[in-house]
Amino acid sequence: MTLLSLSTLPRFFSLHSMARFTFVDVILWALRITVVVIVASGTIATLIKGRYTAAEWLDFVIFGVTIGSIYAQIALGYTMVYGVLRLINFAHGDVMMTGAFSGYFVAAGLQSTGFLNSHPVLAMAAVLAVAMLTSTTIAVLLERIAYRPFRRVGGAAPLICAIGASFFLQQTFRGLFGSSAQGYPDPAWQLSTLHFLGVAIPRVDIIVVIASLCAMFVLHLIIQRTRMGTAMRAVSEDPDAAALMGVDVTKVIVFTFILGGAMAGIAGVSYAMVYKQVNFFMGFTPGIKAFGAAVLGGIGSVPGAMFGGFFLGMVESVGPALFLDGFGIPAPYQLRDAIAYTLLIMVLIFRPHGILGERMKTKRA
Amino acid sequence: MFKRSLSISAIAISASLLLTASVFAAETVGPVTDDIGVIKIPKGAPIQIGGYWVLSGPDTPFGLDEKRGVQVAIKDQGLLLGHPIQLNAEDSLCTPEGGQTAATKLAANPYTVIVIGPSCSSEATPGAPILWKAGIVSIGTSATAPALTAANRKPEYDGFVRTAYNDTDQGREDAKWVHDVLKTTRAVTIHDGSPYTTQLVAEFVKNYQKLGGTILSQEAISPTDVDMHPLLTRIATEKPDVIYAPLFAAATGQILRQAKETQGLENVPSIGNGLLDPSTIKAAGAAVVGYKLTSVDTSAESRGKNYPALVKEYTAMFGEGPVGGFHSIAYDAAVLAFKAIEKAAVVDKNGTIYIGRKALRDAVYTIKFEGMSGPIACDAHGQCGQFKESVYEFTNADPNTFKLGVNPKKIYP
């Protein structure tokens with residue numbers, strides 16, 4: 001027997017598996033290698049060029065973490081509903097918009113009276129409470145009116161219904177509040193910055209990231225440590241078995257929409273605090289991106305949604321400068337969506353269940 | 001050489017005629033025969049005029065101002081050849097898809113005599129050929145991209161003219177002001193990929209470099225982008241004197257707000273174009289104060305002598321002053337349409353109107369008059385409006401203080 005007999009080779013290199021290598025596999029591997037080479041060579045070329053200082057790289061990271069935390073908050077709503085209902089709730093971005101809009105009206109009112117400046121904590125608590133209440137109500141109504149009749153319906157009908165619900169919410173808010181962008185109030189305390197390692201970090205970015213992490217932690221506790229969370233996980237595994245064990249599946253689904261709606265409200269206020277504009281269409285693009293983030297992290301997985309959100313935000317912010325600047329590509333930031341989605345596709349080619357999706361499945365089994 | 005260029009021209013004209021002939025067929029209705037087609041408007045029926053502008057979304061005031069300009073012109077005109085005028089306005093969203101849909105809808109109406117609009121070059125680029133394929137002339141009211149009235153424009157744009165100015169002139173004059181008056185030599189430009197911003201930026205770059213300025217980089221964004229921080233951080237590394245960013249309201253608001261938070265750009269001026277409406281204030285908030293933007297001169301002293309009467313009537317009709325800077329151009333577009341209809345129409349003894357579509361198109365090119373926005377006279381490629389540079393600056397962040405000439409106030413010339 002030789003030291004390295006064929007049977008001792010790793011599975012991938014075995015002749016048996018090599019024989020099963022199809023043309024599509026070859027193309028996919030070539031694609032993976034090409035992207036990795038482009039990313040690696042672009043990164044090296046950019047770093048050799050030395051255009052950006054360490055402080056500027058830190059800036060990019062902070063911007064990425066900020067927008068990533070918003071994507072993560074929205075992605076959580078997608079992933080929870082998918083986990084429990086196996087439904088892609090395309091209206092979730094618009095539920096976020098309803099929270100942002102209602103928060104805007106409270107914030108604008110409090111700004112006009114000076115309360116937003118004089119009592120920032122109380123004022124923001126009021127803004128958040130109204131935003132969460134609105135988006136939670138809308139989410140629960142959506143479940144009751146639009147999704148419940150489709151619960152036992154297979155095929156694309158529930159998805160089409162979700163898309164219809166998305167348009168309905170957009171056009172309703174357009175009709176009610178007009179189509180112009182409204183400028184979110186920016187009181188003085190939101191405009192200040194903190195200095196860290198030579199970088200001025202907007203205070204509002206820090207607030208948003210901390211609020212996101214806190215919200216995610218609370219959500220994690222609810223899902224992992226409460227009876228309702230346990231019921232949610234049971235329904236997610238097998239709704240019929242959960243019902244036979246005495247779990248009220250409808251109650252669990254409504255609770256899931258309550259949690260998702262509340263997270264959407266927080267996401268809406270976070271978004272509006274950072275980007276200062278609200279309009280009826282504002283939920284669409286971040287909604288799509290957050291859905292991408294949820295898929296990237298592993299749809300149905302809460303930690304996966306958080307990871308996916310931060311990953312997508314980071315790639316959008318750092319990616320164009322890091323991967324493309326070295327090649328001298330003009331206007332690299334117009335390609336940020338292309339970079340983000342290319343990496344998303346690449347990750348899914350490597351791990352079709354998303355980064356954390358498969359692990360969760362194994363654990364369940 | 002001359003002979004060769006002549007033969008090339010002959011081939012081009014023949015091809016164009018063949019194309020036209022293949023699309024249109026001569027038609028005779030009543031006393032009128034026309035190569036493209038004839039519209040018959042029975043006695044008492046309205047003369048239907050189409051309009052397409054951005055009437056929703058963040059750029060609403062832009063299109064709404066133009067629609068209102070046309071409505072004032074219709075009121076001033078009263079009856080046209082004894083018929084009432086009916087405006088069928090469509091919302092074209094300032095997007096190519098919106099322009100395509102609106103133009104298709106207007107073209108599908110066999111009684112659409114002429115179309116006024118659109119607001120955006122993104123709408124006109126797909127919209128104007130759809131209308132002209134149906135034999136309908138369209139008169140642009142703020143679609144300013146150079147390609148739309150360029151000497152080498154494609155035959156499908158033959159039915160498009162505009163009382164709006166041309167960004168070839170705007171880009172040249174902007175470069176002159178930014179270089180000579182603002183005293184800058186290092187600029188960065190940002191466009192959003194739309195025909196308007198792309199072509200205006202290209203004209204600016206060409207002329208700024210001619211004047212001895214340096215273009216450090218030409219950046220691009222997507223119109224729906226909200227996070228400009230990474231882009232602005234990248235721009236800050238180039239240490240520009242000025243950022244030339246003729247974008248729409250939402251993106252402009254984000255650039256202005258986030259530039260103030262970007263180290264190295266806090267005091268670098270960002271120069272925009274054309275956003276003379278309250279949506280700019282709403283989008284940018286406090287960062288709008290000090291924001292300078294170039295535009296065609298909309299001040300009363302540079303407009304036609306009847307302009308104050310137009311503003312007065314506009315205010316009386318809509319309960320507020322002009323919400324944008326293009327109402328006078330739109331008013332002139334409507335007047336051009338009315339005059340062309342009067343010239344091309346044949347009215348029989350019963351009061352029925354017959355309008356040849358080609359005759360109407362030809363009439364548009366021959367009309368000359370002193371309009372509200374200045375002299376109107378179309379050249380061979382459909383450019384009818386003139387351009388006079390001006391620069392405005394916003395002075396207050398309260399949208400309720402918007403008033404052309406006050407906030408924003410004119411600072412040049």
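No experiment lies behind these values; they were computed from the predicted model shown. Reminder, nothing fancy here: chain letters follow the sequence lines and each chain counts from 1. Basis for what follows: all heavy atoms, side chains included, without hydrogens, waters or symmetry-related copies.
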Looking at [X], I want to see if its [atom1] is surrounded by more than 12 non-hydrogen atoms of other residues, nucleotides or ligands under 6.0 Å.
X	atom1	answer
A:Lys49	NZ	yes
A:Phe115	CZ	yes
A:Phe167	CZ	no

*Answer yes or no: is there a donor N or O on one side and an acceptor on the other, between the side chain of A:Gln277 and the main chain of B:Ala250, under 3.5 Å?*
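The answer is yes, because a donor-acceptor pair under 3.5 Å joins these two groups.
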Between atom [atom1] of [X] and atom [atom2] of [Y], what is the distance when rounded to the nearest 0.5 Å?
X	Y	atom1	atom2	result
A:Phe63	B:Gln258	CZ	CD	8.0 Å
B:Ser56	A:Asn279	OG	CG	10.5 Å
A:Thr285	B:Asp225	OG1	CG	9.0 Å
A:Tyr333	B:Thr233	OH	OG1	7.5 Å

_Minimum heavy-atom separation for A:Ala331 and B:Arg234, please, with both atom names._
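Closest approach of A:Ala331 to B:Arg234: N-NH2, 4.3 Å.
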*Closest heavy-atom pair and its distance - B:Pro230, A:Phe60*: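 Distance-wise, the nearest heavy atoms are O-CE2, 3.3 Å.
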*asked:* Any salt bridge linking B:Asp91 with A:Arg174? Criterion: basic side-chain nitrogen under 4.0 Å from a carboxylate oxygen.
replied: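 A salt bridge is present here (some side-chain N lies under 4.0 Å from a carboxylate O).
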*asked:* Between A:Arg51 and B:Glu238, does the side-chain contact (heavy atoms from CB on, under 4.5 Å) criterion hold? Intermediate values first, please.
replied: CA-CA 9 Å; A:Arg51 173 178 179 151; B:Glu238 297 173 311; 3.1 Å; yes
Under a 4.5 Å heavy-atom cutoff, which of [options] has the most pairs with chain A?
options	value
B:Leu231, B:Ile281, B:Thr262, B:Thr224	B:Leu231
B:Ala284, B:Ala283, B:Ser222, B:Pro399	B:Ala283
B:His191, B:Glu219, B:His229, B:Gln218	B:His229

_With a 4.5 angstrom heavy-atom cut-off, is it the side chain or the backbone of B:Gln263 that approaches chain A, or both, or neither?_
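The side chain, not the backbone.
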_Quick check on the interface: out of A:Gln334, A:Gln182, A:Met282, A:Arg336, who has the most heavy-atom pairs with chain B under 4.5 Å?_
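Between A:Gln334, A:Gln182, A:Met282, A:Arg336, the count favours A:Arg336.
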*Would you say A:Glu56 and B:Thr237 make side-chain contact, with heavy atoms under 4.5 Å?*
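Of all side-chain heavy-atom pairs linking B:Thr237 with A:Glu56, at least one is under 4.5 Å.
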Using heavy-atom distances under 4.5 Å, tell me whether [X] contacts chain B through its side chain, its backbone, both, or neither.
X	value
A:Tyr271	side chain
A:Pro332	both
A:Phe281	neither

*For the pair B:Arg257 and A:Tyr275, evaluate side-chain contact (heavy atoms from CB on, under 4.5 Å) and give the outcome as yes or no after the intermediate values.*
CA-CA 9 Å; B:Arg257 284 177 191 269; A:Tyr275 300 114; over 6 Å; no
